[in-house]
Amino acid sequence: MFDRYKIQIEEQINPILKQEGLENSTLQWSLIPFSGHWGISTSFFQIAAQETRSGKKGNVAHRAAELAEMIASKLDIGTEFEKCEAVKGYLNIYFASKSFSQMVVEKVLEEKQLYGSHPPIDETVMVEFSQPNTHKAFHVGHLRNIVLGASVSNILEFNGNTVIRANYLGDIGLHVITWLWNYENFHEGETPPAENAISWIGELYAEAVKRREESEENEEAIRRYFQAWDNHDPEIIALWKETRQWSLDAFERLYEILGIHFDRLYFESEVEHVGKAFVEELIEKGLAKDERPGGAVIIDLDALLGTKEEYRVLVLLRSDGTSLYATKDIPLAVKKFEEYKLDRSIYVVDVRQSLYLKQIFKVLELLGYEWAKQCQHLAYEIVNLPGNVTLASREGTVVLLEDLIREAEKRAMEIVDKKNPELGLEDKQQIARMIALGSIKYSLLSRDNTKIVTFDWETALDVNGQAAPYIQYAAVRANSILRKVQYQIPSGWSNPSDLEEKEIVLVDLISRFPQEVEKAGRDLKPLVIANYAYDLAKAFNDFYTHCPVLSAKDEVRTFRLRLVAATKQTIINSLGLLGIQVPEIM
RNA sequence: GCCCUCGUAGCGCAAUUGGACAGCGCAUCGGACUUCUAAUCCGGCGGUUGUGAGUUCGAGUCUCACCGGGGGCGCCA
C-alpha cells in the first residue's frame with residue numbers, strides 16, 4: 001500500500017548517499033515497530049558496514065547514525081508525511097495520519113471481502129490434505145491436517161493462486177479387508193446410525209483389529225479374505241463399494257460441518273493398478289531392484305545418487321507383489337500434474353513422513369519428471385494426548401471429532417443462551433456452532449506447524465484469552481455499532497481533528513493485512529494470520545473502550561464509523577482465511 | 001550409528017526471516033459496567049531466550065559442540 005511513497009523517498013535518498021560516495025545501496029523498508037507510531041522505517045547499518053569493509057575506518061553504528069541524521073535533515077517529506085527523525089541509525093518517517101488513515105479505510109470499504117487479497121497470478125497449485133482412510137474413525141489428530149490444509153488453500157487463493165483442493169482417500173488395503181471380514185462375519189445386515197456413522201464405523205474397526213490380533217485363526221481367515229479380494233470376488237467387491245460409501249457420506253457430512261470442500265477426490269483404488277506398472281518401468285530402467293521372491297522390489301536411492309545414509313532405501317512393492325503407499329503415490333503425483341497443469345503440488349502430511357515424501361519426490365525426479373522439484377511437503381507435528389500419548393484408533397486413545405465438536409457446541413451454547421436469551425433456538429445454535437468450530441480451529445492454527453499440540457479438553461475448549469471467540473466478539477461489537485445506524489456508513493472523506501493513538505494503532509494494523517497475507521502465503525503459515533487477527537481484535541477492543549463512536553461529533557463520528565466498518569471487514573477477511581466464520585451477534 | 005525437529009516467565013505460545021526496549025495469553029494480585037454488548041478494558045508480578053563458543057556493526061533467529069524432549073531410518077500408513 002505504501003510502496004510508491006517508499007520509492008519517492010528513495011529517489012531523494014540515493015543522490016544524498018551518492019554525494020557521500022555510496023552507490024548502489026538498496027534500502028530495506030519496514031513499518032515502524034513501535035505501537036502507536038505509524039510510518040515507514042529503514043536503517044543504514046548495512047551501508048555503513050559495507051563502507052567499513054571496503055577499507056574506510058570507523059565505527060559502524062556511529063556512521064549509521066550519522067547517515068540517518070544527515071538524511072533526516074535533508075529530506076523533503078512533503079505533505080504526505082508528518083515528520084521524519086533519525087534514531088540510533090534508523091530513519092523513521094511518520095505518515096500524516098489524517099490523510100493516510102482516510103486512504104486505508106477507503107481502500108477497505110471499497111474492496112470489501114477482497115481487501116487483503118492480491119491480484120491473480122498465473123500459478124496453479126494443488127493442496128492435498130485430509131487423506132482419511134475409509135472404514136476408520138476421524139479423530140482430532142486428523143483435524144489439524146484438515147484445518148491446516150484448508151487454511152493454506154484459502155491463503156494461497158488470496159495470494160492470487162489458482163488452488164485445487166485435493167483429497168486422497170485410503171479406500172483399500174489391509175485395514176479395509178479386516179473391517180469387511182469382521183462386518184460380514186459378525187455384523188451382517190447392520191447399517192450405520194444416521195447421527196454417529198463415523199464413530200460406529202470406527203468402533204467396528206477397533207473391534208475388527210482386536211479379533212485379528214487375538215487369534216491366529218482369525219488372522220488366517222482375514223488373509224484368505226484378502227486373497228479373495230485380490231481375485232476380484234464379486235460379493236466382497238460389492239460389500240466394499242457399499243460400506244465405502246457409508247464412510248464417504250459420513251466424511252462429506254463432517255466436511256460440510258467444518259465448512260470444507262474439495263475440488264477433486266483421489267482414491268487409492270484408482271492408482272493401485274497403474275502404480276504397479278510404474279514399478280515395472282523402474283525395474284526395466286535399472287533404477288529399482290527386484291529381489292523377489294526372497295525380497296521386495298526396492299530402490300536404493302543412496303546408491304543411485306551417491307549419497308550416504310540420506311535417502312535410504314524405498315520399498316516399492318512387497319515380496320508377494322501387493323502394493324504399498326509408495327506404489328500408489330508415484331502414479332498419483334503424475335496424475336495430478338497431468339490432469340491440471342500444476343505449477344506446484346503441496347502435500348499436507350504429518351512430519352513423520354518427511355523422509356518418505358523426500359524419497360517419493362526423488363524417485364519422480366529420477367523418472368525424469370521435471371516438475372518433481374515443484375512437489376512440496378508441508379509438514380506439521382502431530383496432536384498428542386497429555387503424557388505424550390499418541391492418538392491411535394486401534395489403541396482406543398482417541399478423541400473423536402464428533403465428540404469434541406458436540407462438547408464445544410454445548411459449552412458455547414450455555415454462554416450464548418445466557419447472553420442472548422431473546423434469540424430463537426435455531427439462531428442460538430448457529431451462533432454456538434460458529435463459536436465452537438472457531439475455537440477448535442483457532443487453537444490448532446495458532447500454533448506453529450513444527451510444534452506438537454498436546455490435546456486436553458480444557459485448553460481445547462477454553463474461550464478466554466487468545467482464542468477465536470475474542471476475535472469474533474470484536475467483530476460483533478463493531479457490528480453492533482453499525483447496526484445502530486442501520487448499516488448506513490457515511491461516505492466520503494471526513495477530516496477529523498488529530499487522531500487518537502488508539503485509532504492510529506488500529507488503522508496501522510488494518511493497513512498491514514495485505515502484507516501479512518503475503519507472508520502467510522510465502523511461508524504456508526496460517527499462524528501468521530491467526531496472530532494478526534488477534535492483534536487486530538485487541539486493537540479494536542482497545543479503541544472501542546476508549547473512543548466513543550455514536551456519540552462523537554460530526555467528522556469524528558463519520559471517520560470512526562468508517563473505521564469500525566473497515567475493522568469489521570478486515571476481521572471477517574482474516575478469520576475467513578482460517579476457515580472461521582463471524583456471527584452477527586453473540 | 002545417521003538424519004529431522006523442538007527447547008523463550010510457573011504453564012501454553014509469539015517475535016516483521018539478522019535489527020530498535022524479547023511480546024501475548026493463562027494463572028496470580030489489584031482497579032473499571034446509569035455511556036455503542038464486561039466473551040471487554042487498565043495496572044502489578046514474573047526473563048542470563050537449555051549450556052558454551054563462533055560469525056556479525058548487531059544473534060531468540062545463522063555456524064559448530066554439548067545437554068535435554070519428540071520423531072524418522074528396506075516390505076506400516
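Just so it is clear, the values below take in all heavy atoms, side chains as well, and ignore hydrogens, waters and symmetry mates. In what follows, chains carry the letters A, B, and so on, assigned in the order in which the sequence lines appear, proteins first and then strands, with residues in each chain numbered from 1.
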_OP1 or OP2 of B:U56 versus the side-chain N and O atoms of A:R53: is any pair under 4.0 Å?_
no
*Would you kindly give the CG-to-C1' distance between A:D350 and B:G70, to the nearest whole Å?*
13 Å
*Could you tell me whether A:Y470 contacts a base, only the sugar-phosphate backbone, or nothing, with contacts defined as non-hydrogen atoms closer than 4.0 Å?*
sugar-phosphate
*Okay, side chain of A:N159, backbone of A:I155: is any donor-acceptor separation there less than 3.5 Å?*
yes
_Output field: ring centroids A:F361/A:Y347 closer than 6.0 Å_ = yes
*Would the A:F95 and A:F2 ring centres measure less than 6.0 Å apart?*
yes
_Checking the side chain of A:R63 only, and the main-chain atoms of A:I47 only, is there a donor and an acceptor separated by less than 3.5 Å?_
no
*What's the CG-P distance between A:L536 and B:A14, to the nearest Å?*
20 Å
*Could you state the CZ-C1' distance from A:R447 to B:C6, rounded to the nearest angstrom?*
14 Å
*A:H37 side chain vs A:Y94 backbone, donor-acceptor pair below 3.5 Å*: no
*Let me know the distance between NZ of A:K358 and P of B:C4, rounded to the nearest Å.*
8 Å
*When you measure from the side chain of A:N92, which nucleotide among B:A20, B:G70, B:C57 comes out closest?*
B:A20
*asked:* Need one value for A:I382: base, sugar-phosphate or nothing, where a base atom within 4.0 Å counts as base even if backbone is also close, heavy atoms only.
replied: nothing
*asked:* It should be established whether A:R352 places a side-chain nitrogen or oxygen under 4.0 Å from OP1 or OP2 of nucleotide B:U5.
replied: no
*May I have the distance from A:R477 (atom CZ) to B:U35 (atom P), rounded to whole angstrom?*
13 Å
*May I ask you to verify whether the side chain of A:S43 and the base of B:A20 hold a donor-acceptor pair under 3.5 Å?*
no
*Are the charged groups of A:E309 and A:R312 less than 4.0 angstrom apart, N to O?*
yes
_Base contacts versus sugar-phosphate-only contacts with protein, heavy atoms under 4.0 Å: please encode nucleotides 21-30 of chain B as B, S and - from 5' to 3'._
B--SSS----
*Quickly work out the A:K308 NZ to B:C73 P distance and round it to whole Å.*
20 Å
*Between B:G19, B:C41, B:A38, which one does the side chain of A:Y544 approach most closely?*
B:A38
*Do A:T307 and A:D302 meet the criterion of a side-chain donor-acceptor pair at a distance under 3.5 Å?*
yes
*Which pair of heavy atoms, one from A:H377 and one from A:V349, lies closest together, and at what distance?*
NE2-O, 2.8 Å
_Does B:G7 have its OP1 or OP2 closer than 4.0 Å to a side-chain nitrogen or oxygen of A:K451?_
yes
*With sugar-phosphate meaning primed atoms plus P, OP1 and OP2, does A:I585 contact a base, only sugar-phosphate, or nothing at under 4.0 Å between heavy atoms?*
base
*Rounding to a whole Å, what distance do you find between A:D300:CG and B:C75:C1'?*
15 Å
_Give me the stems containing RNA chain B, sorted by first residue, counting only three or more consecutive Watson-Crick or G-U pairs with both distances under 3.5 Å; say none if there aren't any._
B:1-7 with B:67-73, B:10-13 with B:23-26, B:28-32 with B:40-44, B:50-54 with B:62-66
*asked:* Taking the C1' atom in each of B:A15 and B:U8, what is the distance between them to the nearest angstrom?
replied: 10 Å
_Distance test, side-chain N/O of A:R312 to OP1/OP2 of B:C4, below 4.0 Å_ = no
*How many angstroms lie between CD1 in A:I431 and CG in A:D417, if you round to the nearest 0.5 Å?*
10.5 Å
*asked:* Whether the A:N464 and A:Y470 side chains hold a donor-acceptor pair (N or O, under 3.5 Å, no angle test) is what I'd like checked.
replied: no
_Value in whole Å for how far the P atom of B:C33 lies from NE2 of A:H546_ = 13 Å
